[in-house]
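See structure below.
Every chain is numbered from 1, with letters handed out A, B, ... down the list of sequences. For clarity, every value in this text was computed on a predicted model and none was experimentally measured.
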Number of protein chains: 2
Amino acid sequence: MLAAAGRSGQSEMGGDGSVFDGDPASGDAGFSARQNEVLEVALRLLVEGGDRALTTAALARAANCSKESLYKWFGDRDGLLAAIVTHQASRVRIIDAAALPKTRDEFEAALQLFAEDLLTVLLSDTSLALNRLSVGSVRGDNSGVGAVLLERGKRRIEERAHRLLEAGQAGGHIGFADAASAYQTLYGLIIGDLHINALLGDQSAVSTLSIGEQARGAVARFLTLYAPAKAGSKTST
Amino acid sequence: MLAAAGRSGQSEMGGDGSVFDGDPASGDAGFSARQNEVLEVALRLLVEGGDRALTTAALARAANCSKESLYKWFGDRDGLLAAIVTHQASRVRIIDAAALPKTRDEFEAALQLFAEDLLTVLLSDTSLALNRLSVGSVRGDNSGVGAVLLERGKRRIEERAHRLLEAGQAGGHIGFADAASAYQTLYGLIIGDLHINALLGDQSAVSTLSIGEQARGAVARFLTLYAPAKAGSKTST
DNA sequence: GCCGTACCGTACCGTTCGGTACGGTACGGT
DNA sequence: ACCGTACCGTACCGAACGGTACGGTACGGC
C-alpha cells in the first residue's frame, strides 16, 4: 500500500495573491510528469463528480492512459487516492519560516494572511472534494486516505500557525500558556462552522461574507482574547 | 425519492444527563415500531462499518428482515439513508424553549450545557458516522442526504442556540449586533478543529481534554468577547 | 374455513467496478 | 536491424451491489 509517496517539501515560493501555484505541473512530489498530468485529471474528475465519478475506467479514458498504467503507477485504487492527496498537498503554498513578523503590525498582518489563506484553501472546491473523499473513506481503525490528508495537509498548516503564534508571543504581542489550545481557538474563530457546512453541500457558506471580512473578524476576536496588555481577563483554566 | 419521511417533531422530553434518549425505540419520527427497529440496526451497521458496510443485503440479514420490506418501507437506498438520518435526529434531545435563563448564572449554565451537548453530539460515534455518510454523498448540486442532515440536525441546534443568545442579550448578559455572527463565533470556540479531525479519523480528538473542560474554556472565551460590561473592547465590525 | 395483509427468506437479474491480460505501437539504446 | 521499456486501447473476469420476483408463513377479520 502507498506505493509511490516520498519526498517532502522543496522549492517553496509564493508571490501572487493566490494560495495555489499557478503552474499545474510545478508542485512536484515524487511523481513523473506524466503521472502528475494524470493526477491532475483525476483531481478534476473528483471535483466535478465526487467519489463515485473517479473510477479507474473513467480516469483512464479522461486522461488518455491505460488502466494498466494506473495500476502499475499507483498499485491500487487506494494508492491512487493517496497519490491524489499527496499531489494536491504539494501544490498548496505554505509560507515557510523566513520573514517572521517582528512589529505588532507585521504580526497582525501575518495573522490576517494566515486566516485568509486558511479560508481560501479549506473552502476551495479542490479541498472540499478531497476532504469529502477522505472523510468518506474512514473505516473503523482509520489508516486510510484520511490519515494521509491529515498528515500532508492539516499538520503542515498547523505547524505554520504554531510558528506564527510563537513569534507573536516572543514579540510580546500575544500571551498564552498552551500553544495547542491557542491554535484551536484561532482555528475555531476563523472557520467556525463554515467548513462543515460547505462539506455538507450548503452553498450559502461564505457567500454572505467575503473571506477578507471573515478573516478580519476572526483576527480581531483572537487579539481581543490573547492580547496581554489589554483588558483584565483572568485566564481561566 | 424520499418515500417515507413525514411528520415533524413531537413528544419532546429529556430529563437525565445524557443527550440521547435512553430507549432506542422511543424517538418516534413517523416510522412503525418494526421500522424503527430496523433503522436502529442500520445505524449500528453504519457506525461499525461505515458507508460500504450498509448494503441492503447486509441490513436485511442483520435485522432479520427481507430486502423487499426495505424497499417497500423506504423506497430506495437513498430513502433508507434519509430515514436513518431522520430517525437519529429524532433521538437527539433538544432542550426546547421553556425555561430560558434569566439570571447571569443561569445564562452561563445554559451556555455551558449547550457547549457540552454540542460536543457530545458532534463527537459521538453515531453523529460521526452520519456526518461521514452525508458528506460522502454530496454530488455537485447537492440535494441528497447532506441536505437532510443539515435540515434535521444542524438547523435545530442552530435555533436552540439562537434562542439562547437572544435570551442572553435580552437579559443584558451579552451584547451583539449580528446574531448569526455571534453564533458562528460560539460554535467555532466550542468545536474548533475537533469535528473535522474526528471526521478524518484522528482518534486523539477529545481524549486530551475532557468535554467539560473544553466547553468551559469555550464559554469563558465567548463571554470575554461578548460580555458588555467588562473590558473596553470596541466591538469591531 | 377463507381471504387479505404483512412479512420473511431466497433466488435471481442487470449493471458497475476493481483488477488483469493481451495485442499493438512509439522510441531510445546498441 | 534488433530488443527492452513504457505506454495505450480494448477486452475480459469475478465479485459485489441495487433492485425485483416468487414462494412460504403467521395472523387478524369475517
Sorted by chain and number, sequence neighbours left out, side-chain hydrogen bond (donor to acceptor under 3.5 Å, both in side chains) with A/Ser127 holds for A/Asn131
With sequence neighbours left out, the residues meeting salt bridge (Lys or Arg N to Asp or Glu O under 4.0 Å) with A/Glu158 are A/Arg155
Contacts of B/Ala53 meeting side chain to side chain contact (heavy atoms under 4.5 Å, CB included) (sequence neighbours excluded), chain-then-number -> none
Sorted by chain and number, sequence neighbours left out, side chain to side chain contact (heavy atoms under 4.5 Å, CB included) with B/Asp178 holds for B/Ala180, B/Ser181
In numerical order, the residues of residues 50-64 of chain A whose heavy atoms come under 4.0 Å of DNA chain D are A/Asn64
| query | Is B/Ser69 reaching over with its side chain to a backbone N or O of B/Cys65, donor-acceptor style, under 3.5 angstrom? | reply | no
To the nearest 10 degrees, the angle between the two end axes of the helix from C/dG1-D/dC30 to C/dT30-D/dA1 (five pairs per end) comes to 0°
A/Gln112 meets the side-chain hydrogen bond (donor to acceptor under 3.5 Å, both in side chains) criterion, sequence neighbours left out, with A/Glu116
Sorted by chain and residue number, the side-chain hydrogen bond (donor to acceptor under 3.5 Å, both in side chains) partners of A/Glu37 (sequence neighbours excluded) come out as A/Arg34
Sequence neighbours excluded, the answer for ring-ring contact (aromatic ring centres under 6.0 Å, His included) partners of A/Tyr187 is none
B/Phe74 atom CZ is separated from D/dG18 atom P, nearest whole Å, by 15 Å
Assert: residue with more 5' nearest nucleotide on DNA chain C, out of B/Arg34 and B/Lys67, is B/Arg34
For A/Tyr183, the ring-ring contact (aromatic ring centres under 6.0 Å, His included) test, sequence neighbours excluded, returns A/His162
Outer limits of DNA chain C sitting under 4.0 Å from a non-hydrogen atom of chain A, read 5' to 3', are C/dC17 to C/dC22
B/Arg77 atom CZ is separated from D/dC17 atom C1', nearest whole Å, by 9 Å
By nearest-nucleotide position on DNA chain C, the 5'-leaning member of A/Tyr71 and B/Val38 is B/Val38
By side-chain hydrogen bond (donor to acceptor under 3.5 Å, both in side chains), A/Asp193 pairs with (sequence neighbours left out) A/Asn197, B/Gln184
